[in-house]
Amino acid sequence: MSHIRGRFQKAADELAVKYTSSLPFDWRLYRQDIRGSIAHARMLAKQGIILKEEAEIITKGLASIQKEIEQGKFQFKPELEDIHMAIEARLGELVGEAAGKLHTARSRNDQVALDMRLYVREAIAKTLTKIRQFQQALISLSEANKDVAIPSYSHLQPAQPVLLAHHLLAYFEMLQRDAERFSDSLKRTDVMPLGSGALAGVTYNIDREFLAGELGFNRLSQNSIDAVSDRDFVVEYEAAASLCTMHLSRLAEEIILWSSAEFSFIELDEAYATGSSIMPQKKNPDVAEVARGKTGRVYGRLMALLVTMKALPLAYNRDMQEDKEGLFDTVDTLLSTLEVFAGMVKTINIKTANTERAVNKGHLLATDLADYLVRKGEAFRSAYDIVARLVSYSVERGKSFSELSPSEFKRFSPLFREDIYNITVASSIASRDVTGGTAPRQVERALASAKKIVGLELKKR
Ligand code: ARG
């Protein structure tokens with residue numbers, strides 16, 4: 001690595017080189033790096049800063065390096081600091097002198113900023129596709145179980161009956177917000193930093209607009225110091241990923257609960273369940289558990305980068321190299337979680353006999369009885385008290401509401417009539433007919449709009 005030892009007489013300490021090298025992980029930026037370098041070489045030639053022939057030689061050399069890497073033939077030399085140096089050094093071996101002209105009007109500081117932006121931009125696109133596919137799985141499970149009612153919970157205590165589809169579409173909404181967050185962050189990621197040089201800009205007559213056009217960027221960075229110092233876009237991806245994994249983790253928790261013997265609302269497809277090494281009867285929801293577990297690591301990566309960045313003086317500091325492993329790990333974790341969840345959710349079997357039993361247990365219609373009294377003229381607070389007494393009466397006798405006689409009802413309020421028996425799980429659900437409510441008509445509407453969103457988005461990609 002004599003060519004970057006520059007002013008130094010001494011060779012670098014081997015351990016220090018190894019310690020500071022990012023090559024073991026940033027090799028993953030090779031595609032972005034080569035793409036950026038090809039655009040840069042073309043721009044230099046167009047501006048007459050290097051010769052057209054030199055640009056062609058450089059471009060061809062870079063293309064064959066990409067092939068070498070993809071065919072596993074590229075030699076990653078541990079003494080080279082990072083993927084940028086590794087590619088440039090190899091280019092020198094392949095094309096000789098012309099290689100030395102590629103780094104004209106560029107610094108590794110704006111180069112790495114560019115590569116990271118290209119990488120995150122692609123990661124956002126992949127993430128959006130995976131989110132849509134996962135939302136699609138939620139829709140298909142909802143549609144396959146359209147009429148299934150389940151107890152909803154607050155404080156993990158049975159609360160009111162809802163349609164299972166309504167519950168699942170709650171996750172659709174969460175993932176919809178996640179998709180919006182990723183899309184929105186793209187605006188700030190889609191900014192072209194080349195031309196910032198080391199930090200102050202470059203002295204050559206470059207064409208930044210041309211570079212942006214070649215690389216498909218919407219905007220140019222407007223301050224060279226900021227452009228080489230900024231990793232907000234990485235933080236934003238990791239923050240959006242943290243929220244998204246939080247949502248997936250909550251679903252994971254429900255899948256784990258629901259597949260427990262105590263709930264037994266669902267049965268996971270065997271392809272997504274694991275046995276125990278000692279207890280033959282077990283069918284464990286390991287995929288959901290691992291996803292719940294990985295959430296901690298995604299949050300950790302976000303926290304790590306925020307802390308890494310928090311006290312860095314402008315502009316580039318080598319600390320920033322720490323952005324990479326966290327980002328790569330977050331992208332890998334999120335994409336694989338979304339993908340495996342789509343498969344798992346799509347194949348969940350709902351145990352309708354159990355959901356049916358559960359929804360008819362536990363006096364879930366208590367609120368409906370109070371609403372009934374209100375409609376007959378009672379104030380809500382006193383209606384609440386009457387039904388509360390009715391609940392403890394029924395609990396003591398081990399009876400459900402439907403098992404109480406008309407005279408038992410009347411003992412609590414003269415407003416109770418025969419039509420009290422018209423209050424059922426189905427009527428309870430149907431009566432919550434407000435926008436965003438669980439009534440079949442509303443859920444049907446929500447499903448239709450969900451399908452439209454996902455259909456359109458998947459077609460776009
Ligand atoms: N490996 C470095 C990183 O990942 C690339 C930029 C290096 N720039 C420098 N001046 N050493 O951040």
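Computed over heavy atoms, backbone and side chain alike; hydrogens, waters and symmetry mates excluded.
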Using a cut-off of 6.0 Å, state whether more than 12 heavy atoms not belonging to [X] lie near its atom [atom1].
X      : atom1 : result
Lys399 : NZ    : yes
Lys410 : NZ    : yes
Gln71  : CD    : yes
Tyr384 : OH    : no

Ile150 and Val359: CA distance, side-chain angles, deciding distance, side-chain contact (heavy atoms from CB on, under 4.5 Å) verdict: CA-CA 5 Å; Ile150 58 167; Val359 84; 5.6 Å; no
Should [X] and [Y] count as an ion pair when the cut-off is N to O under 4.0 Å?
X      : Y      : result
Arg188 : Asp232 : no
Glu408 : Arg397 : no
Lys451 : Glu143 : yes
Asp184 : Lys187 : yes
Arg35  : Asp115 : no
Asp269 : Lys283 : no
Lys324 : Asp26  : no
Glu322 : Arg301 : no

Are side-chain N/O atoms of [X] and [Y] paired as donor and acceptor at under 3.5 Å?
X      : Y      : answer
Gln133 : Glu339 : no
Ser37  : Arg106 : yes
Tyr30  : Glu70  : yes
Ser264 : Lys351 : yes
Gln111 : Arg108 : no
Ser428 : Arg432 : yes
Glu378 : Tyr372 : no
Arg121 : Gln32  : no
Thr367 : Gln160 : yes
Arg208 : Ser221 : yes

side-chain contact (heavy atoms from CB on, under 4.5 Å) between Val425 and Leu364, intermediate numbers included: CA-CA 8 Å; Val425 166; Leu364 296 183; over 6 Å; no
CA sep, side-chain torsions, deciding dist, call: Gln321, Ser22, side-chain contact (heavy atoms from CB on, under 4.5 Å): CA-CA 7 Å; Gln321 175 169 296; Ser22 52; 3.2 Å; yes
Spacing of CD1 belonging to Ile350 relative to CG belonging to Asn145, to within rounding of 0.5 Å: 4.5 Å
Atom pair CG (Leu169) and CD (Gln135), whose distance is rounded to the nearest 0.5 Å: 10.0 Å
side-chain contact (heavy atoms from CB on, under 4.5 Å) between Val454 and Phe172, worked out: CA-CA 10 Å; Val454 169; Phe172 182 93; 3.5 Å; yes
Test ring-ring contact (aromatic ring centres under 6.0 Å, His included) applied to Phe416 and Tyr421, Phe409, Phe401, the passing residue: Phe409
Pi-cation contact, Phe412 with Arg389 (under 6.0 Å, within 45°): no
Lys NZ or Arg CZ of Arg117 over Phe217 ring: under 6.0 Å, within 45°: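 Negative - Arg117 is either too far from the ring of Phe217 or too far off its axis.
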Whether [X] side chain and [Y] backbone form a donor-acceptor pair below 3.5 Å:
X      : Y      : result
Thr424 : Ser427 : yes
Asn284 : Asp286 : no
Asn360 : Glu356 : yes
Ser249 : Met246 : no

Verdict with supporting geometry, Asp190 and Arg219, salt bridge (charged side-chain N to carboxylate O under 4.0 Å, His left out): CA-CA 7 Å; Asp190 198 11; Arg219 280 190 292 153; over 6 Å; no
Pairs touching residues 149-175 that satisfy salt bridge (charged side-chain N to carboxylate O under 4.0 Å, His left out), sequence neighbours left out: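 Qualifying pairs, neighbours excluded: none.
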Evaluation steps, ring-ring contact (aromatic ring centres under 6.0 Å, His included), between Tyr171 and Phe134: CA-CA 10 Å; Tyr171 286 101; Phe134 171 66; 8.0 Å; no
Close side-chain approach of Leu373 to Ser413, heavy-atom, < 4.5 Å: yes
Check against salt bridge (charged side-chain N to carboxylate O under 4.0 Å, His left out), Glu81 and Arg318: CA-CA 12 Å; Glu81 185 183 309; Arg318 191 68 182 275; 3.3 Å; yes
Ring-ring centroid check Tyr237 Phe182, cutoff 6.0 Å: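 Yes, they do, as the ring centres are separated by less than 6.0 Å.
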Phe263/Tyr153 under ring-ring contact (aromatic ring centres under 6.0 Å, His included): CA gap, chis, key distance, verdict: CA-CA 12 Å; Phe263 273 84; Tyr153 298 80; 5.6 Å; yes
